[in-house]
Amino acid sequence: LQKALDKSPNANSSARIKMLMNNLDLCRVTVELNDLAQQIKKTDMPEISLLEKAKSLANWRINFLKNNQNSFVETQKRNMYNEKAFNLGFDLSVFEYMIGLSKVGGKREIVCAKIDSGKIKIDGALDELVWQKLRVMNVDLDKDSGSVSEVKTSAYMCYDSSFLYVGVKCLEPTMSEIRDSVAEHDGPVWNENDIEIFIDYKYNKISFRQFLANTLGTISDFQKDDQGKDLNWESQAIVKVNKESDFWSMEIAIPLDSITGDKINTNTVMGLNICRVRPFAVKNRYTCWAPTFGSFHEPARFGKVVFR
């Protein structure tokens with residue numbers, strides 16, 4: 001093509017050859033980036049060299065399409081559709097997030113403090129002093145891209161001798177439009193505004209227990225291990241929800257023995273994720289504390305919690 005361009009008889013012919021060369025360059029980089037993205041997805045601890053290379057290629061694609069937007073309007077629209085429809089890993093923020101994570105051990109981490117029994121009343125209000133002393137977990141990273149949502153979600157964790165407590169505050173600019181209706185236990189609350197808590201209690205990146213609750217306080221709970229998913233498992237968790245004009249909040253108490261079958265010892269480590277669903281949001285519909293870059297049900301992508 002370069003030889004043909006050098007011998008091109010006129011400007012129109014040169015323009016067509018250059019467009020073809022640009023198309024081929026875009027295809028080459030896209031295929032290479034896709035191969036890298038597939039390698040990166042196969043492990044929860046990808047090599048930094050792969051991430052840096054993927055970031056460079058993703059940057060190249062962004063700049064290329066931006067600089068050639070007049071020539072590649074339809075191509076750009078088609079690329080954006082395909083990347084969204086097939087969840088292709090070309091989003092620059094994915095690689096930036098993973099590079100940042102690799103510099104701090106490859107996992108998001110939270111310390112869960114032990115408190116005295118009776119310090120928390122489960123009413124959904126999060127007005128006890130103990131919540132204010134805990135480290136905040138920001139549940140506002142898009143599950144697919146790692147980009148930060150403008151609608152903030154804050155979560156807190158602690159435990160005592162009997163329960164694991166999770167408190168979540170969900171800012172919501174459209175509170176008046178929430179129409180959650182699932183009221184039956186183990187109903188499909190995941191189709192509504194909900195909070196989902198995942199605990200990889202064996203920390204084997206396979207097994208997890210899942211707790212979901214919507215703005216009505218309706219609970220669904222399941223467990224999954226290497227034998228599959230158990231839809232009949234019951235956590236006996238207690239949930240209460242509080243609603244205000246511009247946010248809703250939730251407090252959940254999960255019996256420790258429903259998580260581990262026993263007490264939780266100091267320095268125990270488990271996999272953890274907390275996720276939020278805003279079913280009618282235009283963007284950032286699904287957010288997480290630790291993005292999974294796919295389904296919520298990816299325990300290898302969970303962060304970890306250390307009990308102190």
Side-chain angles (χ1 to χ4, degrees), residues 28-64 83-84 86-113 134-150 152-157 196-208 210 267-276 283-308:
R28 175 185 57 79
V29 170
T30 299
V31 169
E32 187 176 358
L33 179 56
N34 182 63
D35 288 343
L36 281 174
Q38 296 309 312
Q39 292 181 58
I40 289 168
K41 282 185 176 181
K42 289 179 181 178
T43 174
D44 61 313
M45 300 285 281
E47 295 179 11
I48 188 69
S49 60
L50 292 180
L51 293 171
E52 292 285 4
K53 188 173 183 179
K55 177 185 174 181
S56 177
L57 292 176
N59 255 324
W60 185 95
R61 289 181 81 251
I62 291 171
N63 292 328
F64 176 88
E83 290 171 25
K84 185 175 182 180
F86 298 103
N87 196 26
L88 300 179
F90 298 160
D91 194 318
L92 178 62
S93 59
V94 170
F95 306 118
E96 290 178 333
Y97 170 82
M98 287 187 170
I99 289 170
L101 206 58
S102 69
K103 295 176 180 179
V104 291
K107 293 281 186 185
R108 300 203 80 178
E109 180 177 325
I110 189 74
V111 172
C112 187
L134 299 176
R135 180 179 167 190
V136 64
M137 302 169 64
N138 296 310
V139 188
D140 52 12
L141 299 179
D142 187 273
K143 78 176 183 69
D144 293 320
S145 69
S147 60
V148 181
S149 172
E150 295 178 357
K152 301 302 181 183
T153 308
S154 304
Y156 310 85
M157 288 184 68
E196 306 190 14
I197 302 166
F198 296 85
I199 300 176
D200 175 4
Y201 55 101
K202 296 180 180 179
Y203 199 40
N204 60 7
K205 303 178 184 178
I206 298 173
S207 306
F208 61 82
Q210 179 181 4
N267 296 324
T268 295
V269 178
M270 298 183 190
L272 172 73
N273 211 358
I274 299 179
C275 309
R276 179 183 179 184
K283 63 179 181 178
N284 302 129
R285 184 174 298 178
Y286 304 99
T287 56
C288 304
W289 174 58
T292 54
F293 306 109
S295 164
F296 282 162
H297 301 167
E298 297 287 346
R301 299 284 184 194
F302 292 176
K304 66 179 181 180
V305 55
V306 180
F307 292 87
R308 296 298 193 203

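Considering only residues two or more places apart in sequence or on other chains, Thr287 meets the side chain to side chain donor-acceptor pair (under 3.5 Å) condition with none of them. For Tyr97, the ring-ring contact (aromatic ring centres under 6.0 Å, His included) test picks out Phe293, with sequence neighbours left out. Residues that satisfy the side chain to side chain donor-acceptor pair (under 3.5 Å) test with Glu196, not counting sequence neighbours, are Gln210. Residues satisfying the side chain to side chain donor-acceptor pair (under 3.5 Å) test with Ser154, not counting sequence neighbours, are none. Residues that satisfy the side chain to side chain contact (heavy atoms under 4.5 Å, CB included) test with Lys283, not counting sequence neighbours, are Glu150. Partners of Asn59 according to the side chain to side chain donor-acceptor pair (under 3.5 Å) rule, which considers only residues two or more places apart in sequence or in another chain, do not exist here.
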Which atom pairs, one a donor and one an acceptor, fall under 3.5 Å between side chains of residues 299-308 and the rest of the protein, sequence neighbours left out?
{"from": "Arg301", "atom 1": "NH1", "to": "Thr43", "atom 2": "O", "distance (Å)": "3.3"}
{"from": "Arg301", "atom 1": "NH2", "to": "Ile40", "atom 2": "O", "distance (Å)": "3.3"}
{"from": "Arg301", "atom 1": "NH2", "to": "Lys41", "atom 2": "O", "distance (Å)": "3.3"}
{"from": "Arg301", "atom 1": "NH2", "to": "Thr43", "atom 2": "O", "distance (Å)": "3.2"}
{"from": "Arg308", "atom 1": "NH1", "to": "Asn267", "atom 2": "OD1", "distance (Å)": "2.4"}

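The minimum heavy-atom distance between Asn284 and Ser147, with the atom names listed, is ND2-OG, 3.6 Å.
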Self-check item: From CA spacing to verdict: side-chain contact (heavy atoms from CB on, under 4.5 Å), Glu96, Leu51
Solution: CA-CA 8 Å; Glu96 290 178 333; Leu51 293 171; over 6 Å; no

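For the pair Lys55 and Phe95, the NZ or CZ position fails the cation-pi test of under 6.0 Å to the six-membered ring centre and within 45 degrees of the ring normal.
The distance from atom CD1 of Ile197 to atom CE of Met157, rounded to the nearest 0.5 Å, is 7.5 Å.
Note on residues 32-61: pairs passing ring-ring contact (aromatic ring centres under 6.0 Å, His included), not counting sequence neighbours, are Trp60-Phe64. Judged as a salt bridge (Lys or Arg N to Asp or Glu O under 4.0 Å), the pairs with a partner in residues 43-54 (not counting sequence neighbours) are, in order, Glu32-Lys53, Asp44-Lys107, Asp44-Lys205.
Side-chain atoms of Arg108 come within 3.5 Å of backbone atoms of Trp289 as a donor-acceptor pair (strictly under, hydrogens ignored). In terms of modelled atom types and a separation under 3.5 Å, the side chain of Asp142 and the main chain of Asp144 share a donor-acceptor contact. A distance-only check finds a donor-acceptor pair linking the side chain of Asp200 to the backbone of Asn204 [under 3.5 Å].
Ring pair Phe208/His297 is tilted by interplanar angle, where 30° to 60° counts as tilted.
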